[in-house]
K.L.:
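Following this message is one structure expressed as structure tokens.
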Protein chains: 2
Amino acid sequence: MARTAKHSKEELRDMALTAARAVIAEKGSRNLNVRAVATRMGYSVGTMYNIFEGLEELVAWLNAETLDALYEELARAPVTGKPETDLHSLLDRYLDFVTANRQGWNMLFEERPPEAKAPPAWYLEKVAQVFTLLGRMLHPLFAPGEEAELTRAVHLLWISLHGLWSLDADDKLFIVTRDPLEKTAHDMVDLYLAGLKARKGH
Amino acid sequence: MARTAKHSKEELRDMALTAARAVIAEKGSRNLNVRAVATRMGYSVGTMYNIFEGLEELVAWLNAETLDALYEELARAPVTGKPETDLHSLLDRYLDFVTANRQGWNMLFEERPPEAKAPPAWYLEKVAQVFTLLGRMLHPLFAPGEEAELTRAVHLLWISLHGLWSLDADDKLFIVTRDPLEKTAHDMVDLYLAGLKARKGH
DNA sequence: TACGTATATGAACAACGTTCAATTATCAGA
DNA sequence: TCTGATAATTGAACGTTGTTCATATACGTA
């Protein structure tokens, strides 16, 4: 009883996300804008606002995809039970992902809350997923009943790594050190594990 | 032999920076723009471009001031020779500064290089200054001849803390932990020191 | 007083995100 | 087959940006 849609809402969203990635690949994420995406997907500006609340929501969807792809990659890391081995191999997956998905990875760090606006629930869940992975790997270092310490340890490690990723994404890591990202990452985990073991031994 | 300036270039720059801080205090850093600053200092838009290359340079000057103020605060921290004591008291200065200069502090983390544009030399120097402070405090934990290890340790600590500051500035720390910034910061330093001591003890 | 020039202006431009009245294309019923 | 209702799509237009630059201004000097 009405005009039929050429594409479903999901199709449109997929098309928009694909178009957006193409724009980013060609012009860089700084030049991602509504008109460019609309043109690229063969629709008008207005249609973008039928699909998304605005540009920020489109970016949020892009980041959601990136986080999913990251988790998929990380989840493949083997868990042998030896924290050193496991953490370092997890780190290698991180690093592989970063080099293979530079643009999308960097966009994660460009996202900024417009005001004091809480991130959606799914975002928290995706981050929590990664915590779970880290927790599994660090588990052997803690005695039963030390769950709180384990959780805190995971958080601290994640925050430290975030510092590294964040500097790298902003191309500012070289300000701190000339060592390559990989070396710094592994060094950080080593020092971190040394700290955890020292606590355990006492 | 010409029209005399009401204010010297330095005066104008100071007025602009003051005006900018006022705008930020009132409307938030998101609403900092050339016209608002110009109006506030009683000049026109064009004058802004006689003083600065553009808005980004104005922000860079603001950040330079913030970094100077931070260093001044940090440099006051006493160096007793006990790394735990010294690092924790340095941390308290950090935290005091953050709460006292929220807006300016947050702007440091909003600055993003437009492209692959190297930051000015003075920026690198200001960061290096902080490294020097950290290095002095960690010095007792290293034997003579271990300068390279000391340097790397300083970098790793700084990067880890950067992760924490960065999350806090973006109001995203709560995603990781519900613990307050202060507790997380001190925990991070504790774990870090434990790792360093473990390495020292072999 | 008139000229030259450093200083200051603000209209104008391009690009942006966003809105929404108008247009289009389809289907259901007459 | 025609018509009206309705959902999908459009793109002109608005407001706000950063930035430019021809113009106006006001002062020291001749």
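Note that this is a predicted model, so its numbers are computed, not measured. All chains are named by letter (A, B, ...) in the order of the sequence lines, taking the proteins before the strands, and each is independently numbered beginning at 1.
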K.L.:
What's the spacing between B/Asn63 CG and B/Glu110 CD if we round to 0.5 Å?
P.N.:
9.0 Å
K.L.:
Think B/Lys6 forms a cation-pi with B/Tyr43, using NZ or CZ under 6.0 Å from the six-ring centre and within 45 degrees of its axis?
P.N.:
yes
K.L.:
Please check the phosphate of D/dT9 (OP1 and OP2 only) for any side-chain N or O of A/Tyr43 closer than 4.0 Å.
P.N.:
yes
K.L.:
Take the protein atom NE2 of B/His7 and the nucleotide atom C1' of D/dC27, then report the distance between them rounded to whole Å.
P.N.:
16 Å
K.L.:
Return the nearest nucleotide to the side chain of A/Asn50; candidates are D/dT19, D/dT10, C/dA8.
P.N.:
D/dT10
K.L.:
Give the angle between the helix axes at the two ends of the helix from C/dT1-D/dA30 to C/dA30-D/dT1, taking five base pairs at each end and rounding to 10°.
P.N.:
40°
K.L.:
Expressed in angstrom and rounded to an integer, what is the separation of B/Ile51 atom CD1 from C/dT7 atom C1'?
P.N.:
12 Å
K.L.:
Of all the nucleotides listed (C/dG17, C/dA25, D/dT19), which has the minimum atom distance to the side chain of A/Arg3?
P.N.:
C/dA25
K.L.:
Are the charged groups of B/Asp168 and B/Arg102 less than 4.0 angstrom apart, N to O?
P.N.:
yes
K.L.:
Taking CE from B/Met48 and P from D/dT20, how many angstroms apart are they, rounded to a whole number?
P.N.:
13 Å
K.L.:
Can you sort out the partners of B/Thr80 under side-chain hydrogen bond (donor to acceptor under 3.5 Å, both in side chains), two or more places apart, ordered by chain and number?
P.N.:
B/Asp86
K.L.:
Table please: side-chain donor-acceptor pairs of residues 132-139 of chain B below 3.5 Å, with sequence neighbours left out.
P.N.:
| residue | atom | partner | partner atom | Å |
| --- | --- | --- | --- | --- |
| B/Thr132 | OG1 | B/Ala128 | O | 3.0 |

K.L.:
Taking B/Glu73 for the side chain and B/Tyr71 for the main chain, is one N or O donor matched with an acceptor at less than 3.5 Å?
P.N.:
no
K.L.:
Does the gap between the ring centers of B/Phe109 and B/Trp165 come in under 6.0 Å?
P.N.:
no
K.L.:
Tell me which pairs pass salt bridge (Lys or Arg N to Asp or Glu O under 4.0 Å) where either residue lies in residues 179-191 of chain A, with sequence neighbours left out.
P.N.:
A/Lys183-A/Asp187, A/Asp187-B/Arg152
K.L.:
Check the distance between C/dT19's C1' and A/Leu55's CG and give it to me in whole angstrom.
P.N.:
15 Å
K.L.:
Which whole-number value in Å describes the distance from A/Glu53 CD to C/dT18 P?
P.N.:
9 Å
K.L.:
Calculate the interatomic distance between A/Asn31 atom CG and C/dC16 atom C1'; express it in whole Å.
P.N.:
12 Å
K.L.:
With distance as the sole test, does B/Asn33 use its side chain to make a donor-acceptor pair with the main-chain N or O of B/Arg35 at under 3.5 Å?
P.N.:
yes
K.L.:
For nucleotides 11-16 of chain D, list the nitrogen or oxygen atoms of the protein found under 3.5 Å from its nitrogen or oxygen atoms, one pair per line.
P.N.:
| residue | atom | partner | partner atom | Å |
| --- | --- | --- | --- | --- |
| D/dA13 | N6 | A/Arg35 | NH2 | 3.4 |

K.L.:
Could you check how far NZ of A/Lys6 sits from P of C/dA25, rounded to whole Å?
P.N.:
9 Å
K.L.:
Among residues 8-21 of chain A, which residues get a heavy atom nearer than 4.0 Å to DNA chain C?
P.N.:
none
K.L.:
Below 4.5 Å, heavy atoms only, C-beta onward: do B/Arg21 and B/Thr66 meet side chain to side chain?
P.N.:
yes
K.L.:
Main chain of B/Glu53, side chain of B/Glu57: is a donor-acceptor contact present, judged purely on distance under 3.5 Å?
P.N.:
yes
K.L.:
Without decimals, in angstroms, what is the distance between A/Arg30 CZ and C/dC16 P?
P.N.:
13 Å
